[in-house]
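Each chain gets a letter, A, B and so on, in the order the sequences are listed, and its residues count up from 1.
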Amino acid sequence: MAEVLKTIAEMSCPTPLPAKDTILLGHGSGGKLSAELVRDVFLPAFKNPALSKLDDQAIVQVNGSRIAITTDSFVVKPLFFPGGDIGSLAVHGTVNDLAMGGAQPLFLSAAFILEEGLSMDVLRRVVESLHKAADSAGVQVVTGDTKVVEKGSGDGLFINTTGIGLVPDGLEMSADRARPGDKVLLSGSIGDHGIAILAQREGLEFESAIQSDSAALHTLVAEMLKVTGDIRCMRDPTRGGLSSTLNEIAAQSRVGIELIERAIPIRDEVKGACELLGLDPLYVANEGKLVAIVEPSVAETVLAAMRRHPLGKDAQIIGTVTEKNPGLVVMRTPLGTTRIVDMLAGDQLPRIC
Amino acid sequence: MKYLDEYRDERIAHGLVAEITRCVTRPWVLMEICGGQTHTIMRYGLDELLPPEIELVHGPGCPVCVTPLETIDKAIALALRPDVTLVSYGDMLRVPGSNSDLFRAKAQGGDVRIAYSPLEAVKVARANPDRKVVFLAIGFETTAPPNAMAAFQAKREGLKNFSMLVSHVLVPPAIRALMTSRQNRVQAFIAPGHVCTVMGFQEYEALVRDFAVPIVVGGFEPADLLEAVLMLVKQLEQGEARIENQYVRSVSYAGNLAAQQIMKEVFEVADQKWRGIGPIPNSGLRLREEYRAHDANKVFDLQLVTADEPAECISAMVLQGLKKPTDCPAFAMRCTPENPLGAPMVSAEGACAAYYHYRRHTVAS
């Protein structure tokens, strides 16, 4: 009887089931659902010290050399967008994940999953763009793979790239190293990539086309590392945006982060598009920006070095690491009040009105 | 950004707060109707800036929150039918029905699509004559004109495969229901600026007259809301009850007549159930008989058993301004945006979600 009652109670429960029974789109959003997937499924299976750090790249020792390795899959739709395409993005994304560990990127692999019926011209253009981006980033594509799936089993074209690079001795950057008092530096305006993609995908037209910021950041990182060794951690705020990245750092370092809203650079076009669509730019993806947590005494020096580089010319100090509110990101609004900048469960949903 | 930054300006906001503080002599309970306004209040911490005499309670104006469980269940059941494409506004997808949501229906193979405008759903129907396309047409008076336009176009084109699952709610009957409730604490209202952009504010005059309650049509930026609060406090302190318009850059007395006309052409007023509150007479819209071919309730045979809301959820009290989200024992513990017990925790505009996303740090400390 108790069992029956329990079953009835469960059947009539209007609460959505915890998202554990099936994969939802939100599991790929870079938000809380993604983090749960890593914690509950992947980490227990592969647990090892390099993986457990949960940085953008793993750093392993081989014969006295420190090798950074990372992998990323690209499923962007549309394949071509203002400011880039899936080919250049596949290089920039992986190069940046290496660069965030302070590594000099060296070699890439590129694996293509093609859908039956894809135009050869589209593939050629993507490959050419990937080649150009790799050339200008100074990395070589040294191995690859191709698979073709039946029509309807893919979405035109997916790319996976894996990259390796070398990390200089003595350089230690990781998301668990932020300390109270540290400064939070951001290399430029946020939200450009996500809004460029959304505008293209949904056929939204704005007065001036918003360009993706897709770019390789390793030369900017090199300039920053020239002026100091006291950078605690670097991240590129891609999926899930600036908010998810800072929440991850706050959680892994067990510190709070306090942001100054008016210090965060956002282009007017991006701000306008976000207002229109009911989105918060703090959660919109970037592909050519980095966040650095820096020891306070060198913050201004690092900021100056960033601003000398074209990809960091709009860099700003946007906040401070705090002892208060461990695990939370809090933002000081222009009105002097504070609010939480939360990590989202899944993707941001456009609001109804 | 022009036309935006000035309404978020620190000096203007603090000037308005100082003026409110100067005017107020005793406690007042004010309700902002619209979820968008609640969102701004929480996001900018406006309630922290106001003097302690002013209590802001949050109204039922989150369209996602008040859409009845039955409608969500019907949408999910339709989405799971192999011949149906269900098109919806984005934030409806995560709202819990009796035992699933539209995201889950999509993961189970249902053809669920997000649209920014209902006319996109008409386009989908036109392009896929072999699919039955259903648009989940919810919202207040704000979304009624575009939703009406979708049905109007479908009828004109004779699109046989387009229908709408309608769950439309109206603001003035909800205010009337709140004012006639014996538990009511609200002494003045900030009326929703977007709704009034469409409808004007003529129909609020009867409310002011019948209940001697001050109403100010308010915008959505911090300076808008603070100015609306100031206008209400001045009326309350002077013992007046008038309808005033703060959101003059968008709202006129008569509203958008073309929008009202298309609404009247397609919809008629009907009784409506509000999630968390219950039925309110004449508080909704349904498709007119001439549009029955596009009414999903008539096109499909939809008989479903709907579950009760979880007993622990106090969303009914929250939506009527009787309790704050933080008064709920389940808040941020057993009820979170990932595992919501009630709809106000789901939508970005829901009062519980607004407290959760922006305020947990002050609750904890």
Side-chain angles (χ1 to χ4, degrees), chain A residues 9-19 21-27 31-33 36 198 202-204 256 261-262 266-272 275-280 324-325 328-353, chain B residues 1-2 4 8-10 13-14 36 42-46 48-49 63-64 69 89-101 103-104 106-108 114 116 138-140 142-143 194 222 307-310 335-342 347-349 356-362 364-365:
Chain A
E10 278 165 6
M11 276 168 61
S12 64
C13 176
T15 312
L17 307 163
D21 50 346
T22 41
I23 288 293
L24 305 177
L25 274 174
H27 282 113
K32 281 187 199 167
L33 285 176
E36 269 173 29
L198 191 68
E202 304 299 335
L204 306 171
E261 186 165 358
R262 68 167 105 231
I266 306 172
R267 285 179 205 284
D268 264 3
E269 306 91 287
V270 171
K271 222 189 246 181
E275 289 291 337
L276 211 63
L277 298 168
L279 302 175
D280 186 336
K324 217 176 136 189
N325 302 317
L328 287 182
V329 180
V330 168
M331 183 147 87
R332 192 152 289 279
T333 73
L335 304 186
T337 52
T338 59
R339 68 157 168 117
I340 290 181
V341 176
D342 207 6
M343 195 151 175
L344 291 188
D347 287 299
Q348 265 195 113
L349 299 173
R351 273 160 48 199
I352 164 172
C353 62
Chain B
M1 203 173 157
K2 212 165 175 231
L4 213 51
R8 297 174 184 175
D9 183 275
E10 187 181 3
H14 285 284
M42 288 297 118
R43 187 187 164 110
Y44 289 92
L46 300 186
E48 288 177 12
L49 293 176
V64 173
L69 207 50
Y89 294 115
D91 45 1
M92 285 307 289
L93 266 63
R94 209 157 26 218
V95 181
S98 289
N99 43 37
S100 185
D101 59 41
F103 265 127
R104 219 163 288 271
K106 184 171 157 69
Q108 285 167 38
I114 293 180
Y116 291 90
I138 71 143
F140 282 89
T142 332
T143 49
H194 289 153
D308 292 328
E309 299 280 357
C335 183
T336 62
E338 297 82 67
N339 287 310
L341 288 181
S347 164
E349 291 183 20
Y356 184 90
H357 285 306
Y358 298 139
R359 283 305 173 75
R360 277 178 351 265
H361 64 308
T362 50
S365 59

Quiz item: Which bit of Leu328(A) is near chain B, if near means a heavy-atom gap under 4.5 Å: side chain, backbone, both or neither?
Solution: side chain
Quiz item: Minimum heavy-atom separation for Ala107(B) to Thr22(A), with atom names?
Solution: CB-OG1, 4.4 Å
Quiz item: Above 12 or not: heavy atoms from other molecules or residues under 6.0 Å from CZ of Arg43(B)?
Solution: yes
Quiz item: Would a 4.5 Å heavy-atom cut-off, applied to side chains only, mark Ile340(A) and Asn325(A) as touching?
Solution: no
Practice problem: Return the option, out of Met331(A), Arg262(A), Lys324(A), with the maximum number of heavy-atom pairs under 4.5 Å with chain B. | Solution: Arg262(A)
Self-check item: Results of ring-ring contact (aromatic ring centres under 6.0 Å, His included) for Tyr358(B) - residues two or more places apart only
Solution: His39(B)
Quiz prompt | Interchain contact, His14(B) with chain A, by part (heavy-atom threshold 4.5 Å) | solution = side chain
Self-check item: Nearest heavy-atom neighbours spanning Arg104(B) and Asp21(A)
Solution: NH1-OD1, 3.0 Å
Quiz item: What residue in Glu10(B), Lys106(B), Gln108(B) has the most heavy-atom pairs under 4.5 Å with chain A?
Solution: Glu10(B)
Quiz item: Quick one: what part of Ile266(A) sits under 4.5 Å from any heavy atom of chain B, side chain, backbone, both or neither?
Solution: neither
Self-check item: Glu48(B)/Arg359(B) ion pair, N-O < 4.0 Å
Solution: yes
Self-check item: Atom group of Lys32(A) that falls short of 4.5 Å from chain B, counting heavy atoms
Solution: side chain
Exercise. Go through Asp280(A), Thr333(A), Asp268(A) and name the one with the most non-hydrogen pairs under 4.5 angstrom from chain B.
Key: Asp268(A)
